[in-house]
Asker: 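Before anything else, here's the structure in question.
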Amino acid sequence: YNKHNSCYTKNMNILYIGSGFVGACSAAVSADSGHQTLVFDIDERKIKLLSSCDRDTIQSCLFEDGLGDLLIRNKERVEFTTDYGKVEKFLDDCDAVFMCLPTPEIGETGESDLSFYFKAAEQLSDALCQRNGGKQTKYVVIVNKSTVPIEMVDRTQEVMEKAGVKNFGVVSNPEFLVEGKAIEGSIRPDRVVVGAWNEKDFGIMRQIYQRFSNSATIKYIEVNPKEAAAGKLLANFYLFNKLAVCFDVIGRACETFSHLGFENIRKILTTDPRIGGWGFYDSLYAGGSCFIKDARSLTHQLQTAGQNATIVNETYLANKRQLDVFLGRAEKDACLNWAGKKVALLGLAFKQDTNDIRNSPSINIVNHLIEQQVGEARCYDPVASEWFTKLFPASQQVEYFKSEAEAIDGADVVIISTDWPQFRNVADILLAGENRPLIMDGRRLLAHRYDELKKAGFKIIAVGSPLLTPPLT
């Protein structure tokens, strides 16, 4: 029994359009909640991998802890398809359609590319008009799950009405998931945000999220659709801004003035409860599919509406500047000439626990190395190499290795780009070798070994530290 809308809860029929990170993870959790779930995508390879019922195969597609196990455990309730005929049949009894389409930035404009969304929405609108033999008797909510512009709910409504769709509602239900922890975050979220205009749509969403809507530990927040969409964009900007302040102000101060230990400065700051502890990770870059894109989108929307977006744009620029400064320090601080050098690049994913390379700093790093005419870029990542080779196929200049030790062997420079925990042991590999390559630690993963490495003769460029050099003898 559901106290919110005075009806018995029931399992729902839910359609997901798009099987990427958001769609696949959300669908898996819906199936785990007891709902009958259909996932449609035009990418045949992705659908085949996600349908395989083999954990390793699923992981090769989306490296997300727990996703494979959840899909296999709920295989009777979740189906992946490229057949739109199945979608049309499913719509006869469908309660909700979740739109999980990519909305990338158009060039460097900040504007969101909504072409994938509108193509899917128009196809869906035609199919919805035909449901129930054209009578459209079944009420359905269309749920914007991907990050979309604040006023997107109006545009979705317009697409549906223009096609003649009846008996429907439009809802905003943004995801706040962290890649690498998306399944855990979907099963035990800190909050669920639902934006709707009326009680009927709120009621349907409460049934979909019945495991959360009455929870004593999860904040279930009901707002209007524009507030929900804006909340997602603003939350991502705020987090992105905290990282940029850490890089461009706190980290830069520690790089500039002697005797400032980043970890000690962090301790002073984070013990103030007003400041909080999240975001104090000095890094060479904040990548991924969300922060950059959403900040750019927010800038574009504010400026289009005639508002100033300087702080939002400066956050974006500070992040770009961080990577430029980091790479530039090789020449400026260590007097390195990149030409002809062998460079080990450790980490290709934008962060640990994922094979996602979108906005990975390693993309810009490899472009920089090619431009500087290095002899070899020797790349290694535990899970992302397959995807990276699509951007940079193996060649004489760009090579891929099966371990960090192989990539490091014979290198003149070692760059740590991704915060994979296993890279904390890179110091042991370096100390065991005879060479003394320049270490460029873009994640401060070796901070606990800097003194030892310096004494062994290594020069170190690390975010959040001035140039670290061997002691004078």
Asker: Please answer whether the main-chain N or O of Asp113 pairs with a side-chain N or O of Ser115 as donor and acceptor at a distance below 3.5 Å.
Answerer: no

Asker: Which of parallel (below 30°), tilted (30 to 60°) and perpendicular (above 60°) describes Trp278 and Tyr281?
Answerer: perpendicular

Asker: First locate atom CZ of Phe116, then atom OG1 of Thr103, and finally report the distance between them rounded to the nearest 0.5 Å.
Answerer: 10.0 Å

Asker: Can we say Lys226 and Asp154 salt-bridge, meaning some charged N sits less than 4.0 Å from an Asp/Glu carboxylate O?
Answerer: yes

Asker: Does NZ or CZ of Arg443 fall inside the cone over Phe423's six-membered ring, less than 6.0 Å from its centre and within 45° of the axis?
Answerer: no

Asker: Which pair of heavy atoms, one from Ala229 and one from Val148, lies closest together, and at what distance?
Answerer: CB-O, 4.3 Å

Asker: By the definition side-chain contact (heavy atoms from CB on, under 4.5 Å), identify the one residue from Ile408, Asp381, Thr418, Ile415 that meets it with Leu346.
Answerer: Ile408

Asker: Drop me the distance from Tyr117's OH to Cys100's SG, to the nearest 0.5 angstrom.
Answerer: 10.0 Å

Asker: With a 4.5 Å limit on heavy-atom distance, are the side chains of Phe388 and Val366 in contact?
Answerer: yes

Asker: For residues 244-272, which residue pairs pass the salt bridge (Lys or Arg N to Asp or Glu O under 4.0 Å) check, not counting sequence neighbours?
Answerer: Asp248-Arg252, Asp248-Arg321, Arg252-Glu255, Glu255-Arg329, Glu263-Arg444, Asp272-Arg274

Asker: For Gln301 and Ser297, does a side-chain donor sit closer than 3.5 Å to a side-chain acceptor?
Answerer: yes

Asker: For Lys342, is there any backbone N or O sitting under 3.5 Å from a side-chain donor or acceptor partner on Asp412?
Answerer: yes

Asker: Backbone N or O of Gly288 within a donor-acceptor pair of the Asn359 side chain at under 3.5 Å?
Answerer: yes

Asker: With the threshold set at 4.0 Å, does a side-chain nitrogen-carboxylate oxygen contact exist between Lys181 and Glu184?
Answerer: no

Asker: Okay, side chain of Ser26, backbone of Gly23: is any donor-acceptor separation there less than 3.5 Å?
Answerer: no

Asker: Do you see a donor-acceptor pair shorter than 3.5 Å between the side chains of Asn241 and Thr315?
Answerer: yes

Asker: What are the two closest heavy atoms between Pro189 and Ile218, and how far apart are they?
Answerer: O-CG1, 3.3 Å

Asker: Just by modelled atom types, is the Thr57 backbone N or O under 3.5 Å from a matching donor or acceptor in the Ser60 side chain?
Answerer: yes

Asker: So, are Asp409 and Arg378 salt-bridged, with charged N and O less than 4.0 Å apart?
Answerer: no

Asker: Quick one: does Leu70's side chain get under 4.5 Å of Val29's, heavy atoms only?
Answerer: yes

Asker: Check whether any side-chain N or O of Gln352 sits under 3.5 Å from a backbone N or O of Asp419 as a donor-acceptor pair, and report yes or no.
Answerer: yes

Asker: If you compare all heavy atoms of Val143 against all heavy atoms of Ala96, which two are closest, and at what distance to 0.1 Å?
Answerer: CG2-CB, 4.4 Å

Asker: Partners of Glu179 by salt bridge (Lys or Arg N to Asp or Glu O under 4.0 Å), sequence neighbours excluded?
Answerer: Arg358

Asker: Just jot down the salt bridge (Lys or Arg N to Asp or Glu O under 4.0 Å) partners of Asp451, sequence neighbours excluded, or say none.
Answerer: Lys454

Asker: Under 6.0 Å between ring centres, would you say that holds for Phe98 and Tyr16?
Answerer: yes

Asker: Where is the tightest heavy-atom contact between Gln322 and Ser283, given as atom of each residue plus distance?
Answerer: NE2-O, 2.7 Å

Asker: Between Tyr450 and Asp441, do the side chains contain a donor N or O and an acceptor N or O under 3.5 Å apart?
Answerer: yes

Asker: Please answer whether the main-chain N or O of Glu64 pairs with a side-chain N or O of Gln59 as donor and acceptor at a distance below 3.5 Å.
Answerer: yes

Asker: Looking only at atom types and distance, does a side-chain atom of Asp41 sit under 3.5 Å from a main-chain N or O of Ser19, one as donor and one as acceptor?
Answerer: yes

Asker: Please examine the side chains of Val325 and Lys332, heavy atoms only from C-beta on, and report whether any two atoms are closer than 4.5 Å.
Answerer: no

Asker: Heavy atoms, side chains only, cut-off 4.5 Å: are Glu314 and Leu317 in contact?
Answerer: yes

Asker: Please find the pair of heavy atoms, one from Trp338 and one from Gln372, that lie closest to each other, and give the distance.
Answerer: CB-CB, 3.5 Å

Asker: Quick check against the 3.5 Å criterion: does Ser146 have a side-chain atom that pairs as donor or acceptor with the backbone of Leu101?
Answerer: yes

Asker: So which atom in Gly279 and which in Cys246 form the shortest heavy-atom distance, rounded to 0.1 Å?
Answerer: O-CB, 3.5 Å

Asker: Hydrogens and angles aside, do Ser417 and Ser362 bring a side-chain donor and acceptor to less than 3.5 Å of each other?
Answerer: yes

Asker: Is Thr109 reaching over with its side chain to a backbone N or O of Ile106, donor-acceptor style, under 3.5 angstrom?
Answerer: yes

